[in-house]
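Structure first, then comments.
Fair warning: this is a prediction, and the values are worked out from it, not measured in the lab. In listed order, ligands and their atoms are each counted from 1.
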Amino acid sequence: MTEIRDRLAKLNPRQQEAVRAIDGPCLVLAGAGSGKTSVITTKIAYLVQECGMKARNIAAVTFTNKAAREMKERVGKMLKGREGHGLIVSTFHTLGLTIIRGELKTLGYKPGFSLFDTDDAKVLIKELMHKEADTDAEQINAVQSQISTWKNDLILPGAALSHAEDEDAQYAAVIYEAYNRHLKAYNAVDFDDLILLPVVLFRDHPEVLARWQRRIHYMLVDEYQDTNISQYLLVKMLMQERQTFTVVGDDDQSIYAWRGARPENLVTLGEDFPRLNLIKLEQNYRSTGIILRAANTLIANNPHVYDKTLWSQMGDGDPIRIIMNRNEEAEAERVAGEILTRRIKEGAEWRDFAVLYRGNFQARLLELKLQHYQIPYKLSGGTSFFGRNEIKDAMAYLRLLINPADDNAFLRIVNVPRREVGPGTLEKLANYATGRGVSLYAACSEMGLREQLSERALDRLGRFTHTLDRVRREMDAGQSISAIRELFREVDYEGWLYQNASAPKIAERRMANVWILVDQLEKSISGNPQEEVEELEGSEAMIGDTETGDVAAAISRLVLRDILEQQAEEDDSDRVQLLTLHASKGLEFPHVYVLGLEEDLLPHRNSIEMETVEEERRLAYVGITRARRTLVLTLARQRKTYGEMMDCVPSRFLDELPPEDLEWEGRADKPQDQEKKVARGRDAIAGLRSLLG
Ligand code: ATP
Ligand code: MG
């Protein structure tokens with residue numbers, strides 16, 4: 001028997017049916033842990049090894065990088081040698097980016113376009129709103145999220161304006177139009193554009209769509225319940241002709257409505273593709289009976305699109321423990337202690353544990369405790385140093401100093417700090433530069449530009465480039481680091497940070513980061529030869545004998561190191577995983593801890609106010625169903641909220657679990673007992689830690 005047949009034989013009959021259904025549209029709708037993702041990965045191998053399809057004609061899409069990585073890994077184990085060559089396994093956004101990259105000209109973008117993250121976009125929106133009205137953060141956020149919603153719903157500025165029903169929406173639509181125009185002038189796209197632009201491109205350019213349809217013959221989508229309208233259309237357009245795709249999903253795990261996800265896409269699919277083959281899976285292979293029962297009972301409190309019943313053959317297993325703690329610190333301490341104990345008693349690996357929480361802020365205390373007990377952990381979703389906005393700004397200055405042709409860097413900082421260079425000016429500058437075939441920076445000092453721009457605009461641009469020219473000369477004269485330090489002071493980057501930060505402390509921290517970057521640069525120039533990268537693709541032209549050349553090399557070293565560290569982050573090392581509930585989707589761990597089962601936290605206060613508790617329940621369902629063998633839910637009696645100690649109320653979700661399967665701890669404790677317990681626990685942990693060496 002071939003390997004793939006062997007693999008297929010291990011699946012249950014319904015799963016096999018889902019893998020074998022290759023001729024038409026197929027929807028696998030099933031609860032957590034029933035093998036939906038397994039169907040996708042097996043099916044990719046099946047398509048290649050049994051059906052003779054080329055891997056390069058197959059595209060599998062997921063939502064998070066982590067999920068894409070996991071899938072790649074699972075598929076990688078099945079496909080041998082070059083069998084997997086050209087296979088697309090990516091997030092929706094990465095696929096969108098790939099499509100955009102290949103069609104820049106048609107889309108009217110220049111090579112080397114920038115991708116604006118949420119913060120970049122916010123800055124731009126804020127600028128635009130300043131021109132229209134006096135605004136505050138809440139308003140800016142509202143407009144930004146409205147724009148994002150429109151983009152996710154595939155509503156372009158013109159349509160937004162005509163659909164806008166009240167004044168607020170009209171205002172947002174006006175900003176939306178200006179925002180898109182500016183993005184274009186900056187040769188930039190935002191996160192939502194990564195899906196929207198391909199859809200618009202496909203709609204307006206059938207020949208481009210046809211090209212992609214020839215490339216992708218079979219499509220597989222995991223976590224389909226979280227697609228938004230634009231994502232759905234992307235799939236639909238690509239698959240319209242062949243109708244060969246498999247999407248898998250679970251409406252009970254839809255947790256991205258706030259980002260435009262449309263679980264009703266599950267229903268739309270049946271309407272758009274009448275031949276749809278609907279397959280349901282009911283056996284859960286992940287969790288013990290008690291964990292599964294808890295998940296089922298909890299989610300039964302929500303209305304359902306499709307009814308499902310999940311069962312498991314794994315036996316009941318341990319009861320679910322619910323630990324009530326004095327406060328959040330005790331909670332973190334307790335979880336760290338638990339992990340340490342279990343590791344020693346059961347010989348578990350660190351990677352067998354996951355701690356899940358509603359918001360990233362909840363990880364901070366836990367990190368401190370884990371560090372204290374020297375428990376290795378991996379925090380997902382933190383920003384890398386080079387991902388920070390202030391570092392991106394500072395890097396753009398450095399890049400432009402070294403490479404005046406870097407239009408991206410130019411555009412990033414020409415108005416950072418604000419220099420009042422308007423979009424009209426930039427548009428003319430960009431047109432002129434394109435016409436002459438020179439960079440934006442070079443165009444600033446060309447005589448011909450004088451005919452295009454006003455005296456004032458020329459003056460503003462001139463002052464910007466003169467400053468940089470001067471710093472560049474100082475660098476060439478051997479004063480690199482001091483010249484760079486002086487540059488950031490001269491442009492008053494710090495002042496700009498203060499203007500834009502929500503609190504002075506934040507601005508302070510950001511400026512400190514910039515100085516850290518400069519310090520690192522200095523260290524790197526004075527050189528650690530081991531870190532020297534000899535051949536860095538594309539950087540040849542930048543690295544010369546001059547001081548600027550040294551700085552360029554040093555920068556490449558720093559960036560490369562950051563990238564490698566990021567990659568190290570993604571490796572398979574043995575560490576406890578710290579994740580938000582949102583980020584945990586699709587994953588599984590033998591031992592799961594979910595923190596903060598309190599009203600206002602899980603369910604989140606906003607959702608209680610907006611009456612969207614059902615989505616929070618699904619989030620809790622996602623968390624619970626990550627657990628294979630043991631599940632511990634924790635809560636605190638008191639928690640610091642907005643700097644104030646608040647009494648907490650246990651989450652309503654706890655009342656919705658089957659009481660006979662729960663084992664409560666600390667519920668009846670008096671405060672002093674709790675303190676004693678914590679102290680005893682601490683001693684015990686210290687003892688255990690020393691055992692581990
Ligand atoms: P989620 O909804 O959480 O994304 P899922 O439906 O995608 O879950 P998988 O992650 O594919 O489920 O599978 C859950 C676990 O069950 C995995 O460890 C997988 O290897 C295992 N599994 C799936 N199908 C089978 C099977 N037929 N026999 C044994 N184990 C299976
Ligand atoms: Mg899955």
message = Does either side chain, that of Gln225 or that of Gln253, offer a donor lying less than 3.5 Å from an acceptor on the other one?
response = no
query = So, Lys236 and Asp272, do they make that salt bridge, N to O below 4.0 Å?
reply = yes
Pair Phe353-Phe589, ring pair (Phe, Tyr, Trp, His ring centres under 6.0 Å): steps then yes or no = CA-CA 6 Å; Phe353 299 92; Phe589 309 90; 10.0 Å; no
message = Under a 3.5 Å cutoff, is there a donor and acceptor pairing between the side chains of Ser145 and Ser148?
response = no
inquiry  = I'd like to check Asn284 versus Ser34 (side-chain heavy atoms, cut-off strictly below 4.5 Å). Are they in contact?
reply    = no
query = Going by atom types alone, do Ser230 and Lys151 pair a side-chain donor with an acceptor below 3.5 Å?
reply = no
request  = Under 2.8 Å from the Mg ion (ligand 2), which protein N, O or S atoms are there? Could you list them by chain and number?
outcome  = Thr37 OG1
query = So which protein residues pack against ligand 1 under 4.0 Å, heavy atoms counted?
reply = Lys10, Leu11, Asn12, Gln15, Gly31, Ala32, Gly33, Ser34, Gly35, Lys36, Thr37, Ser38, Arg74, Glu223, Gln253, Tyr285, Arg286, Gly586, Glu588, Arg626
task = Before accepting this row, confirm whether a basic side-chain N of the pair Lys369/Glu333 lies closer than 4.0 Å to the acidic partner's carboxylate O.
result = yes
message = Here's a test for you: under ring-ring contact (aromatic ring centres under 6.0 Å, His included), which of Tyr357, Phe63, Tyr256 qualifies with His582?
response = Tyr256
inquiry  = Does this structure show an ion pair linking Arg262 with Asp153, if we count only N-O contacts that are shorter than 4.0 Å?
reply    = yes
